[in-house]
Amino acid sequence: MQALNYTNARNNLKNIIEDVCDNNEEVIVTTKNNKSVVIISLDEYNATHSKLKKDVQKALKEIGNGDFLDIDDAFEAAKKSYRA
């Protein structure tokens, strides 16, 4: 992942888009005001968005079925997995 300032990104936008799409790169663009964005390909965005929607739907179904841990049990399970 590379990071560029806004001026550099603006001056090289075509090349950045091609690199992002052709090489599955991610580019961070920053401004002087410390605001940042990430440029990803539309294919990557769609894949990520689709996976996120599926994961949320699965989680909601599990919650609806009562298949979940309360916060204390989840925390204990997480601690145990780090000790292993």
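Worth saying up front: this structure is predicted, and the values here are computed from it rather than measured.
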> Would you say Asn65's side chain and Asp67's backbone share a donor-acceptor pair under 3.5 angstrom?
no
> In plain terms, say whether Glu18 and Lys14 are close enough for a salt bridge, that is, a side-chain N and a carboxylate O under 4.0 Å apart.
yes
> Tell me the closest heavy-atom pair linking Ala9 and Ile16, and the distance in Å.
CA-CD1, 3.5 Å
> For Ala77 and Leu69, which heavy atoms make the closest approach, and how far apart are they?
CB-CD1, 4.4 Å
> Using the rule side-chain contact (heavy atoms from CB on, under 4.5 Å), only one of Leu4, Ile17, Val29 pairs with Ile39; which is it?
Val29
> Going by the side-chain contact (heavy atoms from CB on, under 4.5 Å) test, name the single residue among Val37, Asp43, Val38, Leu42 that passes it with Ile40.
Val38
> Is the shortest side-chain heavy-atom distance between Asn11 and Asn8 below 4.5 Å?
no
> In chain order, what residues pass the salt bridge (Lys or Arg N to Asp or Glu O under 4.0 Å) check against Lys61, with sequence neighbours excluded?
none
> Using modelled atom types only, decide if a donor and an acceptor are shared between the side chain of Thr30 and the backbone of Asn34 within a distance under 3.5 Å.
no
> Run the ring-ring contact (aromatic ring centres under 6.0 Å, His included) test against Tyr6 and tell me which residues pass, sequence neighbours left out.
none
> Using 0.5 Å steps for rounding, measure from the CD atom of Glu26 to the CD atom of Gln2.
11.0 Å
> Tell me which one of Asn46, Val20, Asn23, Asp22 satisfies side-chain contact (heavy atoms from CB on, under 4.5 Å) with Ser41.
Val20
> Quick one: name the residues clustered hydrophobically with Leu52, using the 4.5 Å side-chain heavy-atom rule over I, L, V, M, F, W, Y, and just say none if it's on its own.
Val56, Leu60
> In terms of hydrophobic clustering (I, L, V, M, F, W, Y; side-chain heavy atoms under 4.5 Å; direct or indirect links), are Tyr45 and Met1 co-clustered?
yes
> Return yes if some donor-acceptor pair links the side-chain N/O of Ser50 with the main-chain N/O of Ala47 below 3.5 Å, else return no.
no
> For Asp55, which of Lys58, Lys51, Lys53 qualifies under salt bridge (Lys or Arg N to Asp or Glu O under 4.0 Å)?
Lys51
> Rounded to the nearest 0.5 Å, what separation is found between the CD atom of Glu25 and the CD atom of Glu44?
11.5 Å
